[in-house]
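Note sheet for the following structure.
These values consider heavy atoms only, across backbone and side chains, with no hydrogens, waters or symmetry-generated copies. Residue numbers run from 1 in the order of the sequence given. Every number for a ligand or one of its atoms is a count from 1 in the order of the listing.
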Amino acid sequence: MACSSGGDQGAESKCSIKRDPNGYFNNPFPEFKLMSPIDLFKFFRSKDDTNLPSQESKIDQTLPFKKNFDDVDSKSQNTVTWIGHASCLLKMSGIYVLTDPIFSQYCSAVQNISSKFKRFRQPGLSLKEMDKVDAVVISHDHYDHLDYNSVIDINKRFPSSQWFVPLGLKSWFEGRGIRSESIHEMNWWEEKSHTFQKGKLTFTCLPAQHWSTRTGIFKNYSLWCGWRVMSSERNVYFAGDTGYNDRIFRQIGNHCGPFDLSLIPIGAYEPREFLKCQHVNPEEAVKVHDEVNSKLSLGIHWGTFKLGKEHYLAPPKDLKAALEAANIDEAKFVTFQHGECREF
Ligand code: ZN
Ligand code: ZN
């Protein structure tokens with residue numbers, strides 16, 4: 001691990017990350033521990049409280065869509081739309097940025113083989129409904145964040161899109177037909193500006209406490225991260241997937257905040273025994289919101305795939321309780337319906 005100079009000391013130092021001699025990335029946070037095969041076995045066997053209805057109509061009632069993209073987006077240069085899970089469409093000064101796009105029916109290596117990773121709520125906005133995608137930010141290579149079919153489809157429909165990815169993923173994108181010059185592979189705290197037709201955005205790759213794998217065997221061969229996306233008018237934080245520790249988010253807030261909008265995961269957090277070090281729960285998400293200095297946060301990473309064992313409607317409910325306990329106005333950290341678009 002290498003830390004930048006510039007007067008930053010201790011917990012305040014901005015640390016890039018290097019591969020170890022075997023070629024792997026390691027979290028510099030002692031809070032993180034990779035799940036062992038035994039942990040994984042225990043996790044799959046642990047009590048399942050998701051209670052996901054088998055009838056689509058019941059899900060329609062409890063997680064209704066809100067299709068207001070056309071109305072809201074046409075009236076503002078700065079909007080956010082929740083597509084589902086960690087996929088959001090940001091519009092910043094008229095420039096469209098997708099976060100961790102997944103439109104597929106499964107978030108697993110093998111499609112159609114297990115209902116375990118099947119999408120239970122369809123995307124709130126489809127690629128066909130988008131006129132433009134200027135950039136895509138990818139947080140890491142897990143299947144619920146990096147989806148093969150979605151990458152192929154975006155590249156086909158929007159071939160001039162720019163792809164911002166963490167270290168170790170460039171070759172994956174090249175192998176899927178993305179032009180090398182459109183792939184921006186970055187380390188933690190690296191910053192890059194790109195000028196689009198409608199103006200300039202600056203992308204900063206930010207640390208996260210997580211891990212990576214696409215094979216289940218080779219872990220941490222590519223990096224995981226969050227992103228800051230900044231226009232001349234707005235500053236946005238996308239946390240990706242991350243566990244909580246008490247340094248990382250203050251540091252992000254100090255160096256990159258305040259944020260006009262933060263996209264913070266609030267789902268896939270039970271049982272804590274196995275997921276705490278890699279996924280924040282709503283209570284920790286509220287700490288993240290506070291520590292990064294976010295004016296408005298949107299809870300993501302829920303309501304779409306069954307990944308954790310908490311009730312499928314628990315994330316927004318637990319978020320409300322956590323906000324109340326922390327004495328934070330619930331209008332400051334919201335959840336959307338699938339497809340919902342709002343100006344920010
Ligand atoms: Zn992940
Ligand atoms: Zn995830």
Side-chain angles (χ1 to χ4, degrees), residues 17 24-27 29 31-35 39-40 43-44 50 82-88 98-109 114 116-121 123 136-148 150-151 165-169 172 188 205-227 237-245 248 262-272 274-282 284-285 288 298-310 312 314-315 319 335 338:
I17 189 165
Y24 297 100
F25 294 102
N26 297 296
N27 277 288
F29 317 113
E31 286 88 348
F32 184 85
K33 195 176 137 272
L34 263 179
M35 257 185 175
D39 288 339
L40 200 63
F43 169 71
F44 281 119
T50 45
W82 187 45
I83 297 166
H85 205 55
S87 309
C88 295
L98 270 175
T99 64
D100 285 356
I102 174 162
F103 300 94
S104 295
Q105 294 306 309
Y106 290 85
C107 65
S108 63
S114 158
K116 202 169 265 159
F117 299 109
K118 192 176 185 323
R119 176 187 281 276
F120 60 81
R121 189 82 300 211
V136 185
V137 294
I138 299 290
S139 65
H140 64 301
D141 73 356
H142 285 156
Y143 286 88
D144 56 320
H145 298 260
L146 175 58
D147 176 57
Y148 172 87
S150 302
V151 171
V165 307
L167 288 186
L169 281 180
W172 188 94
W188 289 354
C205 181
L206 295 171
Q209 182 177 298
H210 202 63
W211 60 294
S212 71
T213 191
R214 281 183 85 76
T215 58
I217 306 162
F218 301 106
K219 290 175 182 148
N220 295 357
Y221 201 67
S222 65
L223 189 57
W224 48 94
C225 69
W227 291 97
Y237 171 52
F238 167 55
D241 258 359
T242 185
Y244 178 80
N245 70 58
I248 193 170
S262 299
L263 310 174
I264 303 174
I266 58 164
Y269 51 89
E270 289 289 349
R272 299 309 284 149
F274 305 111
L275 294 177
K276 185 175 170 62
C277 74
Q278 52 175 304
H279 288 162
V280 293
N281 67 6
E284 291 162 336
V288 174
L298 172 63
I300 59 169
H301 205 261
W302 71 280
T304 313
F305 296 103
K306 185 177 150 177
L307 298 174
K309 301 288 185 85
E310 72 275 6
Y312 80 110
L319 175 64
T335 53
H338 292 77

Open item on the list: Let me check your reading of the structure: within less than 2.8 Å of the Zn ion (ligand 2), is there an N/O/S atom from His301?
Closed with: yes
Task: Minimum-distance atom from the Zn ion (ligand 2) among N, O or S atoms of Asp144 - done: OD2
Open item on the list: For the aromatic rings, using the six-membered ring if either is Trp, is the centroid distance between Phe305 and Phe120 under 6.0 Å?
Closed with: no
Open item on the list: For Trp211 and His140, I'd like to know if the aromatic rings sit close, meaning centre-to-centre distance below 6.0 Å.
Closed with: no
- [ ] Considering just N/O/S atoms, say which atom of His140 is closest to the Zn ion (ligand 1).
- [x] NE2
Open item on the list: Can you tell me how far apart CH2 (Trp82) and CH2 (Trp302) are? Round to the nearest 0.5 Å.
Closed with: 4.5 Å
Open item on the list: Taking side chain to side chain contact (heavy atoms under 4.5 Å, CB included) as the criterion, tell me which of Glu31, His279, Glu284 meets it with Tyr244.
Closed with: Glu284
- [ ] Ignoring hydrogens and angles, state whether a donor on the side chain of Asp144 or His301 is under 3.5 Å from an acceptor on the partner side chain.
- [x] yes
Task: Minimum-distance atom from the Zn ion (ligand 1) among N, O or S atoms of His142 - done: ND1
- [ ] Examine all N, O or S atoms of His210, backbone included, and report whether one is under 2.8 Å from the Zn ion (ligand 1).
- [x] yes
Open item on the list: Of all the N, O or S atoms in Asp241, which has the shortest distance to the Zn ion (ligand 1)?
Closed with: OD2
